[in-house]
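We use all heavy atoms of the structure for the numbers below, so side chains are in, but hydrogens, waters and symmetry mates are not.
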2 protein chains.
Amino acid sequence: MENKKKSTIKDIAAVLGLTPSAVSKALNNHPRISEKTKLAVKEMAVELDYQPNFLSSALRKGKSNLVGVIIPRVNSHFFSSVVENIEKMLNLNGYNIIMTQSNELYAKECQEIDTLLKIQVDGIIASMANETTNLEFYEKIKSRGTELVLFDRGEEELNVDYVGIDDYKSSHLVVDHLVSQNCKRIAHIAGFHHIRIYKERIRGYKDALEKWNLDIQDNWIIESNLRIEDGRQIMQQLLNAPERPDAVYVAGDIAALGALQVLLENNIKIPEEIALVGFSDEPFTSLTQPSISTINQHSDQIGKLAAEAFLNRMSHPKKKTVNRIILEPELIVRQSSKRI
Amino acid sequence: MENKKKSTIKDIAAVLGLTPSAVSKALNNHPRISEKTKLAVKEMAVELDYQPNFLSSALRKGKSNLVGVIIPRVNSHFFSSVVENIEKMLNLNGYNIIMTQSNELYAKECQEIDTLLKIQVDGIIASMANETTNLEFYEKIKSRGTELVLFDRGEEELNVDYVGIDDYKSSHLVVDHLVSQNCKRIAHIAGFHHIRIYKERIRGYKDALEKWNLDIQDNWIIESNLRIEDGRQIMQQLLNAPERPDAVYVAGDIAALGALQVLLENNIKIPEEIALVGFSDEPFTSLTQPSISTINQHSDQIGKLAAEAFLNRMSHPKKKTVNRIILEPELIVRQSSKRI
DNA sequence: TATTTTTGTTCCATCGTTTGAACAAATATA
DNA sequence: TATATTTGTTCAAACGATGGAACAAAAATA
């Protein structure tokens, strides 16, 4: 009932009266093998339900055709969409991916990196956890000779290929839009400034305010992990303050959802009293009541480009120049900020 | 700067004047190796930053210490929590996991199974996609001699270890509760009945209605994929019908969220006009306004038990008896159904 | 016909680790 | 002291696939 033992090239060779090496060459379309034998071998391979042994070929070739993908949370449309597109692209090129999540924890991220290196992936495509400031483990990837590509959350000092959007410009798009809607007191629920993308969003926000001659109030820039509870708590804090903002720009959609809940619970009119803009274009932003304005980060593009960057590295291993791809952000205006 | 070549047991052996095999045995705590040598080997291993070559040892041992986990969606608290607990348990026992998602698609699921088999995982722990009716690929896992454990969505005919909750009883809990809140016209937004767990929920729902002498209306049992749009659309459909239900029991929280949105958009008082109960205890159910009553499926327990089932199989490979673990569901009553 | 080239295959070492068997040295038992 | 047992290590053969070198046979060129 159960044909326990899997067949190997040896079995095929035995049946056909060939050597294993001839079979291997036939399967790999070696030019010196006759068409006749190739055909016979391939037919027999199907017949015996032969599955190449990944471990042995990877060991021999020193190449696993596996790529590790590390993302902070899998439970986010942006990240899962990026992964989906990485996978699509890599599958086309004979690679399989192994997806792991850090849950935004530095310790977990280190562990995942170790696991991936242990399994001997050919490369790692990653977006860093919020907690991560020590780049030691990423250096380790590089020093092991494993390819590394970063997307979204990546640090320049690592000096590796990177794909992301122009975060500085995103903030300008948001502020410009809010100003056009007659908002004058714009607060920013930010991510931690030790992460480059959030630092850039903060910088863009400040520069844009300055551009429009608006006050920059330090207590209107509040950094957090951007979880839903963070959004709720910080929004409450902003409402309790002596002077309320008339617009809130949140550096993540999940936190924006939390902020929205608090606004609704306090019967605040959106966008009339306070306008709200999120970041990432998570699907739920179009489903809330009111729907939330946000920034589209082109997750499909990012995934595809990150995969291509990896493939490029693999085909040109000597190339030293680092490639940084920065995409244009796109503002999506919805009910939560459309006053006019 | 980059110490390209990774060290092997050969390198350690060379430095210490031993053979590779002695080093291997020392690292694996073989009883016949002296403590002195073990110590020396282990120190040198650290010094040379030795990382065991996973590929070669897996090849030699015929065991990869890798477990594949297939879930329908990663973007769900239930599933990601199960995976987290599987991982925790397996890591403690020297296994690493590879997480993959089917996106509820049969084709994707088959592809993931093939990838996992190719990588030669020691076992697969899976919850089946909504689409899956053909069990051929799961049979393939078994016939390859790879261990298989199913959780939540699993079919009995596969005859493998299973961990899940008592879905039939869950429906009784929900209906009993709704009846206690004076609901008399209870509709059911269901999953597809070709999936065992949804079939059981439907069966439980019907039997419970019968128990309370309530009418079973066939047009009040509507099957779907239970996505957010499904919940929205079906709720709208129920509202448009000549006779409206006074309670809706949704077989999934995401769809329940969609239903809630539609109820709110139509200014229907919850739970007074229509009470709502979901399924799975996704975190957002406690955050919505009103919060949603739901069923706790004990995702942490399920993950732990599924991992243990796998570990058991590995340590007793000959055991033929199949283990089905059925946990007790727990009803969590929140605002959306608390009339009294 | 003698020689070179091409073609199709086999031979063999290799990737890094593991493991049973073999063996010498040290220790215990008679 | 002779023999049996234990201890610590080496030897050699795997695991399955790969690929360069070697080699014989067939075909092409002189």
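Across all strands, B:L55 comes closer than 4.0 Å to no nucleic acid atom at all (heavy-atom distances). Within 4.0 Å (heavy atoms only), B:S34 reaches sugar-phosphate atoms of the nucleic acid but no base atom. Residue contacts shown for B:S24 include a base, since a base heavy atom lies under 4.0 Å away. Counting non-hydrogen atoms under 4.0 angstrom, B:P52 reaches the backbone sugars and phosphates but no base. Nucleic acid contact for A:F54: none, since no nucleic acid atom lies under 4.0 Å from a heavy atom of the residue.
When rounded to the nearest whole Å, the span between CZ of A:R60 and P of C:dT17 equals 16 Å. Rounded to whole Å, atom P of C:dT6 lies 18 Å from atom CD1 of A:I33. Atoms CG (B:N28) and C1' (C:dT17) sit 9 Å apart, rounded to a whole Å. Summarising the geometry, the separation between CZ on A:R32 and C1' on D:dA27 is reported as 14 Å, rounded to the nearest angstrom. Rounding to whole angstrom units, CG of residue A:N29 and P of D:dG19 are separated by 13 Å. The distance between atom CD of A:Q51 and atom P of D:dA17, rounded to the nearest whole Å, is 11 Å. Distance A:L59 CG to C:dT14 C1': 9 Å, rounded to the nearest Å. Following rounding to the nearest Å, B:K10 (NZ) and D:dC11 (P) show an atom-to-atom distance of 14 Å.
Annotation for A:T19 and A:A13: closest pair C-CB, 3.6 Å, computed over non-hydrogen atoms.
Evaluation of atom-type donor-acceptor distances gives no pair under 3.5 Å for the side chain of A:T19 against the base of C:dC11. Taking only distance into account, the side chain of A:K25 meets the base of C:dT10 through a donor-acceptor pair shorter than 3.5 Å.
Contact annotation: A:N53 does not reach the phosphate of D:dC15 (side-chain N/O to OP1 or OP2, under 4.0 Å). Side-chain N/O atoms of A:T37 include one lying less than 4.0 angstrom from OP1 or OP2 on C:dT9. Taking side-chain N and O atoms only, A:S56 has no distance below 4.0 Å to OP1 or OP2 of D:dA17.
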- salt bridge (charged side-chain N to carboxylate O under 4.0 Å, His left out) between A:K88 and A:E84, worked out: CA-CA 6 Å; A:K88 210 182 289 171; A:E84 207 176 309; 5.0 Å; no
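Using a 3.5 Å distance cut-off with no hydrogens or angles, the side chains of A:E112 and A:S102 do not pair a donor with an acceptor. Checked by atom type, the side-chain pair B:K6/B:N53 shows no donor-acceptor distance below 3.5 Å.
Considering only the side chain of B:I9, C:dT17 comes nearest among D:dA17, D:dC23, C:dT17. Considering only side-chain atoms of A:S21, the nucleotide from C:dT10, D:dA14, D:dT7 that sits closest is C:dT10.
Within the 4.5 Å cutoff, the side chain of B:R144 has heavy atoms near those of the A:Q51 side chain.
Across the interface with DNA chain D, nearest-nucleotide mapping of A:A22 and B:K36 shows B:K36 to be the residue nearer the 5′ end.
Geometrically, A:R153 does not engage A:Y162 in a cation-pi contact, judged by NZ or CZ lying under 6.0 Å from the ring centre and within 45° of the ring axis.
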